[in-house]
Amino acid sequence: MTTPQHPEDFLSSMRLRSAQEDGIFWVDDQRLGVFEPEAARHVSATNWHRFVMQDRLVDLVRRRRSPEMRWSRIRSTWLTRLHALATAEQHGLLIERMERVLDASTGHDTDLTMLMQDVVLRSLLPVALGGLTAAEADLVRRDLEMKLSRLVSPTPGGVLHHLRHVAVQIRAGLVVRRVLRERARGRRGREPDLADPFVDLLPELGMDRALDVVTTVLTAIGGPPGTAAASLLYEFVRHPEWQDRLEAELSTVDPVEFRTAPTRAAPVTHRFVKETLRMWSPPLLLVRRSSFAFDLGKTRLEPGQWYLLSPHLIHRDERVWERPDVFDPDRFLPGAGHGPADRACYVPFGWAPKKCVGANLAVVQLMALCHLMCTRYRLTVERPEAVTMALRFAPVPEDFRGRLTLR
Ligand code: HEM
């Protein structure tokens with residue numbers, strides 16, 4: 001497999017080839033790029049339909065079948081729990097946790113990309129896995145931070161760093177197992193988090209599959225939401241005219257209303273968030289293995305072969321978006337001529353049936369961040385025009401330093 005050295009060059013060459021080859025082409029000898037919106041929708045829909053989790057480790061060793069566990073069941077368990085968590089009280093708690101981290105950074109010159117990662121991870125961790133001791137939470141966060149730093153750093157750490165991370169990863173995995181086991185045995189309180197429903201499913205799932213489920217959520221909150229928050233702040237500081245529009249709208253809105261009807265509660269802010277997610281969708285590439293054969297234009301994808309998807313490349317495709325490199329939230333105004341041609345062209349949260357289960361929460365959180373920036377804090381960045389966006393596993397603003405003060 002040949003991968004060009006620099007992710008930015010790789011992405012721009014993908015974009016060029018995608019334009020020349022109608023969005024479907026072999027990126028190298030092993031991976032098919034499926035960057036055409038309708039083909040990406042079709043492949044995802046077929047590939048993950050009826051997806052079943054692997055058998056439990058213990059059953060694999062004993063060469064027997066585990067109770068079947070469909071991924072759709074895991075997803076509907078998450079979605080039911082997220083629905084139950086979408087209360088005014090839980091939303092208020094999420095904002096309080098965000099404020100706590102932001103307040104602690106006020107008055108200092110701060111790396112805003114790192115700060116956003118911290119704000120998002122600390123505020124979302126109790127949603128994914130709550131009731132941890134301070135030491136347990138530190139370990140889980142350290143694992144996620146190390147994972148992320150490997151993905152976003154321009155110079156990934158060496159072997160020693162990797163070994164250190166493996167050790168932290170193992171210890172964080174042990175924390176998750178302990179939490180699930182102790183909740184199941186009544187030695188630890190049950191929590192209203194995304195892990196808790198799987199305590200009751202442990203007999204069917206087994207501990208290793210339950211760990212996979214919880215780790216999927218932890219990984220999901222450890223990467224994209226933080227980089228999306230940093231991208232939001234990046235666009236915020238670069239567009240004073242949008243700051244004014246957001247401030248005018250948000251000064252009279254209660255952020256608790258975002259959770260039920262974001263467009264009605266704050267239409268300008270909702271458009272701002274949507275456009276940020278169009279321009280800077282994390283992750284830039286999703287690597288998937290095909291379980292079926294697909295005839296895609298002039299080429300065929302066989303079962304077992306790898307393919308790549310990219311919300312980012314679809315969002316920057318000139319065939320489906322007008323002036324795709326221009327930040328313009330008003331393209332999401334109803335009836336705007338330069339808006340999304342259809343739903344397959346706007347996919348910041350991926351594709352059904354694997355689409356992000358946290359999409360609503362993510363949008364509400366980004367809108368709440370806008371609210372905080374417009375009502376509670378003042379953000380100063382010396383030369384916002386000099387901040388650049390690096391394309392790593394996700395878009396990340398580089399050398400993005402600034403100072404928050406309380407209003
Ligand atoms: C701006 C923030 C976020 C972005 C851009 C984002 C984006 C994505 C994307 C692109 C996928 C892959 C979809 C696919 O394979 O087609 C995904 C999966 C997922 N996301 Fe998010 N996400 C965000 C926030 C969240 C949050 C806050 C949560 C949880 C509370 C979450 C939980 C998940 C989970 C569990 C999956 C895996 C779904 C599955 O495997 O079936 N995400 N996300």
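Order of listing sets the numbers, starting from 1, for every ligand and every atom in it. Just so you know, these numbers use all the heavy atoms, side chains as well, and skip hydrogens, waters and symmetry mates. All values derive from a computational prediction rather than experimental measurement.
Within the structure, the closest approach of Pro282 to ligand 1 falls below 4.0 Å when heavy atoms are considered.
Residues Leu313 and Leu11 have side chains in contact (heavy-atom distance under 4.5 Å, counting atoms from C-beta outward). With a 4.5 Å cut-off on side-chain heavy atoms, Thr110 and Leu404 do not count as touching.
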Practice task
Starting from the C-alpha separation in whole Å, work towards a yes-or-no answer on salt bridge (charged side-chain N to carboxylate O under 4.0 Å, His left out) for Lys298 and Asp22.
Solution key: CA-CA 10 Å; Lys298 287 172 262 170; Asp22 291 335; 5.3 Å; no

Handout entry: His315 and Ser281: CA distance, side-chain angles, deciding distance, side chain to side chain donor-acceptor pair (under 3.5 Å) verdict
Key = CA-CA 8 Å; His315 295 165; Ser281 286; 2.9 Å; yes

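Nearest to atom 37 (C) of ligand 1 by heavy-atom distance, out of Thr216, Val347, Val120, is Thr216. Comparing Phe51, Trp48, Trp71 against atom 39 (C) of ligand 1, the shortest heavy-atom distance belongs to Trp71. Considering Val364, Val363, Leu361 only, the shortest heavy-atom separation from atom 30 (C) of ligand 1 involves Leu361. For atom 10 (C) of ligand 1, the nearest non-hydrogen atom from the set Ala394, Pro348, Ser281 belongs to Pro348.
Every N/O-N/O distance between Trp78 and ligand 1 stays at or above 3.5 Å. For ligand 1, one of its N or O atoms has an N or O atom of Arg75 under 3.5 Å away.
No hydrogens or angles considered: a donor-acceptor pair under 3.5 Å links the side chains of Thr263 and His270. In summary, the side chains of Ser290 and Trp306 do not present any donor paired with an acceptor at a separation below 3.5 Å, with no hydrogens or angles considered. At a cut-off of 3.5 Å, with distance as the only test, a side-chain donor of Asp143 or His165 sits close to an acceptor on the other residue.
By the ring pair (Phe, Tyr, Trp, His ring centres under 6.0 Å) test, His162 is found to be paired with no residue, residues two or more places apart in sequence or in another chain being considered. Partners of Phe327 according to the ring pair (Phe, Tyr, Trp, His ring centres under 6.0 Å) rule, which considers only residues two or more places apart in sequence or in another chain, are His239, Phe272.
Cation-pi check for Arg316 over Trp280 is met; the charged atom lies under 6.0 angstrom from the ring centroid and within 45 degrees of its normal.
Here the options are Phe292, Phe294, Trp48, the test is ring-ring contact (aromatic ring centres under 6.0 Å, His included), and the partner is His42; only Phe294 passes.
The ligand atoms of ligand 1 that sit less than 4.0 angstrom from a heavy atom of Ala228 are 1 (C). Those atoms of ligand 1 with a heavy atom of Leu124 less than 4.0 angstrom away are 27 (C).
Listed by chain and number, the protein N, O or S atoms at a distance under 2.8 Å from atom 21 (Fe) of ligand 1 are Cys356 SG.
In this structure, atom 16 (O) of ligand 1 lies nearest to the protein heavy atom Trp351 N, 3.0 Å. Ranking the protein heavy atoms by distance from atom 15 (O) of ligand 1 puts Arg288 NH2, 2.4 Å first. For atom 40 (O) of ligand 1, the nearest non-hydrogen atom of the protein is Lys354 NZ, 2.7 Å.
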For residues 92-99, run the donor-acceptor check on the side chains, cut-off 3.5 Å, and write out each pair with its distance to 0.1 Å, sequence neighbours left out.
from: Arg97; atom 1: NE; to: Ser123; atom 2: O; distance (Å): 2.9
from: Arg97; atom 1: NH2; to: Ser123; atom 2: O; distance (Å): 2.9

